[in-house]
Each structure stands twice: as structure tokens, then as C-alpha cells.
**Q** 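Dropping the structure in here first, questions after.
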Amino acid sequence: MDRQRPLDRRLTAAVLTLLLAVGSIGRTQEGPSTAPASEPEPLENRPYRIEVHLASDADARLDSGRRGALIASWLEMVRRYVGPSWSIRIADRPSSLAVSDLEGLKAGALSGFDPASDKIWLVRVSVDGDDAGLVFSGREYDAATRWLGPLQRRKATARLDATRTFFRFTLDLFSPSALIVGQEGGRALLKVQGASIPPASDLGAVVTKGTTFIPLRLVTLRDESVGITRIAYTYLAAESVEGSIARCAILSAYRDPLSQRISRPNTLAALGIKAGETALRLRFVDKATREPASGYTLTERPAPDGPIRQVGMTDRSGRIVVEPGPTKGVVKLRLLAGDSEPLAEFPIMPGESAEEREITVDPLPLAARYQVQLDAIRDAVVDQVALRARLERLMQVRLEGEDWTGLQELLKQHDLLPPPSSFAETLKKLKDEATKLSYETTKTIVLTRNLQAEFSELEGLIEGYLTDDAYKAFAEALREKKRESEAVEQAKKKPSPPATPAAPVEEPAVKKASPPPEQHSPANVP
Amino acid sequence: MRRSPRPDSRSKVAHRMIGPALVASTCLGLLAGSVATATGQEAARAAAMPADLLVSRPFDRITLIDNSTLLVEPVSPRPLPPVETPKPPTRGPAIPLGGNIGLPGEPSKFEAFEARKAEEPGPETQITIHLAQEAATGRGDARDFKLKRTAIKKIEYFEEILLAEGERLLRARDFTRAFEHYLRVRNRDPKWPGLDDHVDALLFAEGRQALGDGDVTRGLRLLRELHVRKPDYPGLLDQFASAYAGRITRAIELKLYPEGRRLLHELEEVAKDLPRTRELRSKFVDLARDRAGLVGSGSNPERLDALLEALKIWPTLEGAEAEYGKAFAADPTLDVAVVDVPWPAGPWTRSPADARIAPLLFLPMLADDSEEARRGEASGQIAAELESTDLGRRLVVRVRPNIPWSDGSRDVSAVDVARTLIDRCDPRDAAKYQARWADVLEKVQPIDEARVELRLKRPLLKPSFWLDAPVGAAHAGADGRVVVSSQERRLVGSGPYICFDSSPQSIELRVRSEASADNPSGSIRRLREVRYDRPAGALAAFNRGDVALLAHVPPDQRAKLGGTPGVGLGSYSQPAVHVLALDGRSPLLRNRTLRRALSYALDRKSLLEETILKSPGGDGDAPADGVFPRGGYADAPGVKPLAYDPVLAVALASLARGEMKLEAVKLKLEYPPIAEVEAVVARLVEAFRLARIEVAAVAVPQSRLESELRAGRRFDLAYRVLRCDEPVLDAGLMICPGYDAPPSADALASAASPRILQLLLQLERSTDLPTARGLALQIDRELRDELPVIPLWQLTEQYAWRSRLKGPTASADRLYRGIKTWEITPWIAKDPWIGD
């Protein structure tokens, strides 16, 4: 059963429901409104109503005159560069929350603001202790989704530059709101609020290529209230913008993060997000024992396919801090057991929140054990490949120099090496054991995808590189030479026939011997 | 000159060339025609001296009366006898005055003239010469030429030429070449007139020059040689005295008194009666007397030190030895030579030196893991009882009464224990922080003055391992010290000794007055550890007798010391395992291929036997395949030894460079300056260099290196000498030096193998011994392939003591085990010649 209603209506209903819910107290006090509900303005044409609470520390020396001048010049810049998509109202008396601990602020603390505003900006102006520059820090609260954005910070090194810095800071602070109107070709289609309003300049565009959103699910609960949940470990990155519709790539730890298979009526919305300055705090725990997953390596790569960088290792409590790197965007984090067995992989944006997130993982103890044994076998195989390659090169030189004694000695050395079949047998035995164990064990996965791939890779390595073909060719050449020598000896012992014409001189057998197959140097080992 | 009757028809040209000289000298006109054709240049060439007399064929140079010179083969005899004037030719027998016609009846007096056979003229008148160099061929001339002695103006023998050249070189201060010239003369004729004088002059000049250049040893050796040859050589004794005086004065300045006395002894053997010699002798005696008299009113230890120093300056100082004996009896002092001293000393254990000294300064909560210790029956511990409840998750430690702190302020109480346990959880204090303890401890609370409650997240495998750490005073600062004055902060302890003085070079402990009352007379009241910058210095101090105990015997000296009379050897109960620790935080060392290359590059057996032991290894000395001692329960059976394969090492290093896209791999190896480590480090670096891995070795004092590594400092390679008492508890620190470091150091990441780190963390969380032992075995087995460290070898570690120290046993788990019962007698090193 499709419980989805038309998307435009869904968002409108949700937002209205939300606004009604938030404003119900006021209405109750004022009595029922008799005014007819006006037709809501289309989302893409609606500007963002932003309420700015600009507070300053005393040492910032921002008196009312300077504050007014700063705001005036900032508004002028907004007008010149952003245009009508921002409808700004400056709070005469900034909220005390603006001078509180912004990093530790919770969304629930901001529920008392005017519901008519789309965005509440809490901005604090302070002074940097090192160089006395003005520091703008703040967070954005989205009233419709009750979502508190990440802490943003920007510093003006010179006071004369304060307006421009403030403007750039507010650009960082601003996050567009959108409605997920569908999916197409594995991409999410977002209708962005205010996207149809022409910006005053490129800087003022509400959404551009690269803008990142987090998806939210607004579910109408049984009591007709709206539950807003973020779809975890999922990001939407705008790839192109056509009119008011942004086509976004879906970066998610889940196969179908925007699934519609929800029992309750729900709406999908999205909120823009920009990486802040705060570090991301993660804590990994064992999903079975709830023990901290300590000593695991965490790597990151910029989404979707950037270069891999090692972040660090989880500490004894399973914690790790991911600092916002140069990417300033969504990265894919991967927690590894050993050096290669992935325990968890998910996208995340460092700097989006300072709150610690707990992530449960299966430590895959059995898979890790087999991983170690596979690594040991691979080391042994690589060593053998290197040794054989060296011996084969030396044999080639002896053969070309017709140093048969030397060749024989090298062949003897080669005989001392373990045969390739021994490695194949060991590997097969290990694989059989792992397969058997995987059937017997239900608590944890034994043969993970990664482990299976490694088994296959190692089998290929043994088959492709550990062959005796070259050895056989050289041995054959030596045998030929021996036969030829014996024939010459025997011919010398026999009296030569007097009148027979000399037989044409044959090429030495070794020259005729087929050349050894192409050798594999250890550098070719994958 | 006449030509010899051996005409040589083949060398007419040569004859023409040498002819003019010969003709001119002998005034023989036979070769006059040739004279006219010869040129002066040819004559000059014929007389040219060889460029190098040392390699030339011997020759003599003859100057004829016309001033022309000839180089001829050495004449014989040498030297020539004096020239004799030729006698007039005899004309037959003379007729007697009475006529030669006899009277009748008388025999006839007539003597018939009989021409006497011509005698060959002797060397007094004529000599036969051969030209040393024929002008035409440049080779020696085989023809004989007779030369009258009267035609010779001057003859310079080859020996004289050599001596003259030697003298010239001597003046030019080319002593080596001059010596070689004299040596050639000696080889030709050891009794050549004037040779000895020249050699004497050379020895004197060279000796004097060496002294002037500061090479005093060589200068004195040469002068001594001259003294043996010619004791009365002019100026020799003065030179001797002057040179010895300089050295002796320098030795006194450097406090190398035995060396100074030895020099004085040498000087006295040569020039005892010189005023300078007497001056030097009195300088020693005066210095010793001054030193002995400096602390007339000082404390007994100060007086003891002064007397000891005085006796070290002059062992036969009158009356000093008896005084020293008395002072020593009052304060028996043990001097110990160590690899490193704890610096700074405090209530923590972060290096082997701390582990050695801390138990003497601070009592632990539990002395060992025995039941007696838990019941409080063991001595040397703070706990009167350890109560364990809630399946080991709750411990209550009852503190013994009447254990005073060394500052006398109060007794040890529950607060001190609680603070110590809490300090070990404070990551801001890296010296005390213990990450494993911080992870296991949930809560510490003093219940009352004498009891502390510990709540743990999980039971402890061995409570004594966690509770045997030193307990510091709660009223002291973070460094365990209290302020005594504006310039002094004194370490407060509860152990049998107090720290009297401490520096990076030495530490002096003195027995506490309360403890000394119980000790028998002769027991150690003062303990002084001295760190020597060079390992050989510690050994030399032990051999001289300056120290009575040597904390570490270099492995190659075991046999020698074992065979020395009056020296005892003891072994530590656990062998020392030598490993190269790797920092996994370095991307280079995180690379498994490079780690394998490092391992393959080392020929452990050869390095051990050839460089460290200098003999085949004993039972406890063997190449290592892991960090755990061989034969222990954690030593996994069937682990293949780590192989040496330089070819694979090169190949793997090349592969690693390719993987990491590097031109070259450059690493820094930090090592403690211990004798065997210093011996082998250069060879390790060479082995890595052969594998195309550049390693720069840097020496760092052991205490500093260990404490910094344990605090989580970054490094590349570190040479570590480990001792493992309990594998399941020591494994982490042995494999990953920063295992207990604060989280801010990201020290867990320093484990180069994540897999081994996982096993270590599992081991840390295991609560029963069988599981823990199984994990230790697994770690040992997998460590060979994962290589989080590069195992090198294990060695039996030994200590040595002089026989005047009674008490050390042949085996001990730590150096000062049972020091309460040790006794020492005074002893002063006497010069070996004193008996004479």
C-alpha cells in the first residue's frame, strides 16, 4: 500500500503541521483564529525568513553604534550579493543562548523562538586571545525540522574586514531546506526552498553543485504529531541544479536509505549542511558484548572515491576523534580489523556535530584470525616468487654462458625450495577449515567478502607465479646437453669412418631448447 | 786507471761515454781520444744520485781529484783503510859496503838479481770499482776498473750518504723517513760508525717533537727508548721530567690519580733524584693530605668520602688508611657501576633504573603475589591485608600502621594509597599514568585512615602486578618531593633508604635512621650508583676496585670476570630479550613488507656469536623469534626461527619502496649505550644498508629512552633490552613501548601490527589465567609473521661483585634483592709496585 501523498502537499502538510504544533500554545491563548487559511506560496519561491540574534562579548567592544554599523553594512552586502532569498530580521534583544556554550547547545533549547521564522541564527562575536581579531561563531536552527546545525566559526584578522568576514560567516551558516520529491537513476531529486528566486550574484545561490544535504523523515504519528528523524549515515550531494530541482547523489551506508516502505504517513525532507570547525567524535562498541572496540584502524576517503587516508586508531574506550580535514565535506569512514578486514563503512561529514556517536560493530574475530594466516601464506608465497625469480635469472645467465655445472647447482638449489603444491594444499586446507567453521558458527561471520576475495587472490597468486615451467625448461636443456656430450664421447671412442663426408654440424641442443617461459619478477607480484 | 783485461766488445758506445771521467781521473792517455768526444752532460748524468735512497741499489760516491764524481757499486772493504804512499820501485838487492865478492874460503856474498813477483796492490793504494750505473744502459756495469787511492779526493760510502740524508730529513722533521734511512744503514752494517749517534738524535728529536705536539704517550715511549740506549744523553732527563710533569699534572686535573701515580713511578725509575720529580711526588702527597683534612668537622659520610678520595690520590698517605677504616665501619658504603641512573627519581617505574631503585625508596602495597603478602605477613609492603570481594572486582587494602614517611611528617595512610592509585589514572602526568590501570579502575575511595576501597571494572589477573608499584606521599608534589627550603625539594619515601643526592650521573641513597637500628653492623648504610658514560668505563672502575658491584656485565667479559680472583658473578633470573621496537605511527614502519625486509636483513646468529658474545652462545644466549624468553609458558613451540636472507631483504625493501613510492627509506635507530648494544649497532646499520635501508644510529641514555618511549614519544626504530617477569602482563609494554601512555600520544597506534594490538587488548581484558596464557601463546606465534617488533636475541644477564661485598647471590630477580643482609668491608686499591 502506498501511503505517500503528493510530495508538495506532503512537505506543506508536514511543515504546516509542525508550525501548528509549535504555535498551538499561542493560538490557544489567543483563541481560535477565524481568518481563512491562505494558499501557501510555492516552496521554491518562498524566501528564507531568518531571525538573527547577534550577541557580543564585552571585550569585543561592539557597542550599539558599532553593532548597528556592522549590521547595516552586512545587510547591504546581503542585498548586493544574496538578494531577496534571505528575508532577515535582526532581533533587537539577542537571545541569551547566543552567548552560551554554543557547541553544547541542544535543539530543544531553541523551541521557544518565533515559529514564523524559518531559520534562527545565533551569532556570537568574541575576540581572539592571540591577535585580538574579531571571531564570529554561531549555529543555525531550522525551525521546521527542529534541526540545529553545526558550529561555524570565522575570524576577522582586521576590524575593517569585520563586515566581509561576517558576511562570509553567514554564508557558511546558512543551510538551504528542501523537499525530496523523488528518485531517478539512483539520484535523489530535491526541490529547494527559494531556489527559484533569482540570486543577486553567484554567491547568493541557494543551492549549487556540491551542496550537501542530510535527509530527514517527517512521520505523522498516531497522535497526529510529527516525528522528525534523520536518516542516519546518509548524505545527498548536489550534482546538478535545474531550476528549483537539485539532482543529488546518494551517499549512504544503507542500500535504500530513502525507502518508502514505512508504515506511517511520512514525508522526506532535506536540510543543507556545511562542515564546521568541530571535530567529529565517534565511539565504536562491540555489538555483542558492548565492550569498546579498541585498537581498530579508522580510514577515511573523500566521497565518493577520493584517496584513502588513515585517521588513527580507536583508543581503549573505542573512541576516536576525526578532525575536519582539508576535504570539508562528506567522507567515507572505514573501520578495519587487522590491516584490511572492514568492520564498518559509512559516510559522514567531519565537523557537522560535536556530539559523540556510538557505532556498533561486529569485530569478526574468526575472520581476523584467518586473515592473519592468509597474510602469512602470502608472505611465504611472495618470498618464494622472489627466490625463484632470482634463481631463474641466474639459470638463464648460466645457460647463455653455457656454464652447465653452474646450471646444475642452481637446479639443485631450486629443488630445495618447497613445491608450489605445498602452498596450494595449505591454502586449500585453510579454506576448507574456514568454510566448515562458517557453517558451524552463527554468532559471527567467518568467510567475509574480503576474506573470500583474499582466498581467491592468493590462489591466483600461487597458480600464476609459483610454477615450475621455467625450472623444467632449464632442466630439459641440461639433459639435452648431457645427452649430446655422451654422444660425442661415444663417437670419439668409435673409429671414424674414413671416407664418409663430414656431417653438417648441428647446433647445440641447448640452443634448440625452447626458451624458458616469461619470468615473473617479485615486483610484479600484486 | 787501467782497463781490466776483460774487453767488452759489445759496449763500445758505453765505453765512450764513461771514458772521459775515468781518463781524467787516472791521467791515462789511452782513452784520450774518447775524452775529446765525451760531453760534460754525459759525465754529470753518470754521477747523478738516485731519487730515493731507500729503494735504490746501494752505491758509493767517489769524488776524484779533478772534482768529478762517480757512483760506483759499494767498494770493499768498508770503510777503506787509510791511503798508503806508493813505495819507489825496487831495483834489486843492494851491494854491501865491503863488496859482494867474498874472500877465499868465504861463501860468496853475491846475490843474483831475481825479479820479485809483482804484488797485487792492496786497498791502501788501489781499489777495484764497478760503475753503479752505466751511462748507456742505465744498469750496473760488470767491468772492473782499477782506481788508485791517490786519485780519489773523497769517497762517500752509501751508509754515510744514508745517514746524511737521514739527518737532513730529521732537520726537516720527517722522522719516519729518517728512521727508514737509519734502518737501512743498520741492515747493511749494524756497527757502522756514527749510526748509534744518529739514532739517538732521532729518538730525542722525535720524542721531543711528539711531546710538543701533545702526543705524550708516543713522546715518552721514544724518550724511554733513548734512555735505555743512552741514559746520559744530553738534556734527556730534563725533557723526561718536563714531559712527565705535564702528564702527571693533567692526570691530577682529570682526577686520574692511578694513572698519575703510574707516570710518577715511571719518572722515578728514570730520574728519581731530579728536583722536578720530588716536586711532583710532594704534589700528590699534599693534595691527598689537603683532601683528607678538608672535612675535619664534617659528618662521617663526608669524612669517609674525603678520606677515600685522599687515599685514591695517594694510597700510602700516612695515617689515612686507619682513619678510613674507622669511618667506613661507621657508614659502610656500596659503590655500584650502572648503565644508567634513574633521573629524576620518584614514585614511578618507567625505566629499568627506576625498577632497580624505586623499591629501596618506596614501599609497594604488595611485596609479591603470595598468600602471605595478601595476608600482610610479608615484610617490605604497606598492606596489612588485602581483601577481595565481588569476584575480585572490589579490593580493600588495609594499610599497616607505623610506617613513617621519610620527612617525618606522618605515617603512611589510606590517603597516600588512594592518591597513588588515582595519580596513575591521570593522563596529564605521563610519568605515572598507566593506561591499563586507568581502564580497569572504576573507583578508589579511602574508607577510613587505614583502609582503601578499590572498585574495578574486571578482576585483576595478578593483583600484585598492579599493587607493587611505589606508593608516594599524598602530601608531596607530583614529583614525590616536598619543599625543604627555597632551593631544595626533598624526595619523600617510605622505603628503607632515602634519596640523599641525585644527578644524571649518580644517585646516593642513605639508609633511614629508623631502619638502620635493626640492621647488623657492616650492612650497607650508603648506596651510591654511578653511571659511566662509556660501558668500558664501568668495567674499568670495577676492575680498579672503585666500585664493588657491577650491575651489568658485558656478555663478552663474563668468562674473563668469572676467572678473576676475588670476583663473584650472578645472573638475573630472567634473561634480557633484545628487540628493535618499531613505531607503527610511521607510515614506513606500518608497511609489512619493509618490516619483513628489516627482519630478513639480520643474521642473528652471527651477530650474536661474533659481535656480542665473541664466542659460541651458552644455554641462555640464543637468537630470538619473539619477545618472550625461551622455555617459558608463553614461548610457543614449533615457531620457525626468523631467517636471514639478504637477497630477500633487498627484494622486499625494493618492493616496499615501490609500494610507498619512495626513492629511499631512511630511518633513525635510537639505542641505549650498553656495551653489547654499542658493539652490535654498527653491524645492524651495516646489515640494513646492504638491504638498501638507510638507518642512522643515535645513542640515548637508557632511562631517558625508555621513559620517553613509555610516555608515547614518536620514534622510528628503538633498540630495547627487555626483561619479562610475567608474559601475560608484560607483553603489551614489550611489544608496544607506549602501551601504557596517555591517549593523547596515540600510543596504541605505535603498535606496528594492528592484529597483534588486538590480541594484546584481548589479553589485557582477559580475567582468567588459562585464557591469558593461551593468548600469550597466540601472540608469540603470530608475532613471528606480523613483526610488530624485530626480535634479535636473548642473553643471560649477569652482575658481578667484589669479594669484599658479602651477600649477593648467584641468582636474583633484581639487583638489590636482600640488600638488608649485605655486608661490605673497606678496601683501597694499592699500586702494584708498592710491594716492591
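Every chain is numbered from 1 and lettered A, B, ... according to where its sequence line falls, protein lines coming before strand lines. Side chains are part of it too, since the values below use all heavy atoms of this structure and drop only hydrogens, waters and symmetry mates.
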**Q** Does atom NZ of Lys436(A) have more than 12 heavy-atom neighbours from other groups under 6.0 Å away?
**A** no
**Q** Ignoring hydrogens, what is the shortest heavy-atom contact between Ala386(A) and Leu648(B)? Give both atom names and the distance.
**A**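 So the two residues come closest at CB-CD2, 3.6 Å.
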**Q** Less than 4.5 Å to any heavy atom of chain A: does that hold for the side chain of Gln778(B), its backbone, both, or neither?
**A** side chain
**Q** What are the two closest heavy atoms between Met313(A) and Leu748(B), and how far apart are they?
**A** SD-O, 3.5 Å
**Q** Measure Arg369(A) against the heavy atoms of chain B and call it side chain, backbone, both or neither at under 4.5 Å.
**A**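 For Arg369(A), heavy atoms of backbone and side chain both lie under 4.5 Å from chain B.
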**Q** Under a 4.5 Å heavy-atom cutoff, which of Glu659(B), Arg784(B), Arg592(B) has the most pairs with chain A?
**A**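 Greatest number of close heavy-atom pairs with chain A: Arg592(B).
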**Q** Is a donor from one side chain sitting under 3.5 angstrom from an acceptor on the other, for Arg590(B) and Thr297(A)?
**A**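 The answer is yes; a qualifying pair exists.
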**Q** Of the backbone (N, CA, C, O) and the side chain (C-beta and beyond), which part of Leu760(B) lies under 4.5 Å from a heavy atom of chain A, both, or neither?
**A**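 Neither part.
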**Q** For Arg765(B), is it the side chain, the backbone, both or neither that has a heavy atom under 4.5 Å from a heavy atom of chain A?
**A**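 For Arg765(B), the side chain is the part near chain A, not the backbone.
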**Q** Side chain, backbone, both or neither: which part of Gln762(B) has a heavy atom under 4.5 Å from chain A?
**A** neither
**Q** Once rounded to the nearest 0.5 Å, what's the spacing between atom CG of Asp379(A) and atom OG1 of Thr593(B)?
**A**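 These two atoms lie 7.5 Å from each other.
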**Q** Pick whichever of Glu782(B), Arg596(B), Glu786(B) has the most heavy-atom pairs under 4.5 Å with chain A.
**A** Arg596(B)
**Q** Picking from Pro754(B), Ser654(B), Pro743(B), which has the most non-hydrogen pairs under 4.5 angstrom with chain A?
**A** Pro754(B)
**Q** I'd like to know whether CD of Glu345(A) has more than 12 heavy-atom contacts from other residues, nucleotides or ligands below 6.0 angstrom.
**A** yes
**Q** Using heavy-atom distances under 4.5 Å, tell me whether Leu761(B) contacts chain A through its side chain, its backbone, both, or neither.
**A** side chain
**Q** Compare every heavy atom of Tyr739(B) with every heavy atom of Arg316(A), then report the nearest pair and how far apart it is.
**A**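 Smallest interatomic distance, heavy atoms only, reads NH2-O, 3.0 Å.
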**Q** Heavy-atom cut-off 4.5 Å, strictly under: side chain, backbone, both or neither for Glu291(A) against chain B?
**A**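 The answer is the side chain of Glu291(A).
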**Q** Side chain, backbone, both or neither: which part of Arg585(B) has a heavy atom under 4.5 Å from chain A?
**A**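 Interface part for Arg585(B): neither.
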**Q** Does any non-hydrogen side-chain atom of Asp645(B) lie less than 4.5 Å from one of Asp383(A)?
**A**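 With C-beta onward as the side chain, the pair stays apart.
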**Q** Below 4.5 Å from any heavy atom of chain B, which atoms of Thr314(A) appear? Answer side chain, backbone, both or neither.
**A** backbone
**Q** Considering residues, nucleotides and ligands other than Ile445(A), do more than 12 of their heavy atoms fall under 6.0 Å from its CD1?
**A**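 No - once you tally the heavy atoms of other residues, nucleotides and ligands closer than 6.0 Å, there are 12 at most.
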**Q** Hey, which of Ala380(A), Ala376(A), Gly312(A), Ser294(A) has the most heavy atom pairs under 4.5 Å with chain B?
**A**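 Highest number of heavy-atom pairs under 4.5 Å: Ser294(A).
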**Q** For Pro363(A), is it the side chain, the backbone, both, or neither that has a heavy atom closer than 4.5 Å to a heavy atom of chain B?
**A**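 It is neither, since no heavy atom gets under 4.5 Å.
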**Q** Mind checking the CZ-CD spacing from Arg755(B) to Gln371(A)? Nearest 0.5 Å is all I need.
**A**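 Between atom CZ of Arg755(B) and atom CD of Gln371(A) there are 9.5 Å.
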**Q** Check the surroundings of atom CZ in Arg449(A): do more than 12 heavy atoms from other residues, nucleotides or ligands lie under 6.0 Å from it?
**A**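 Count not over threshold, so no.
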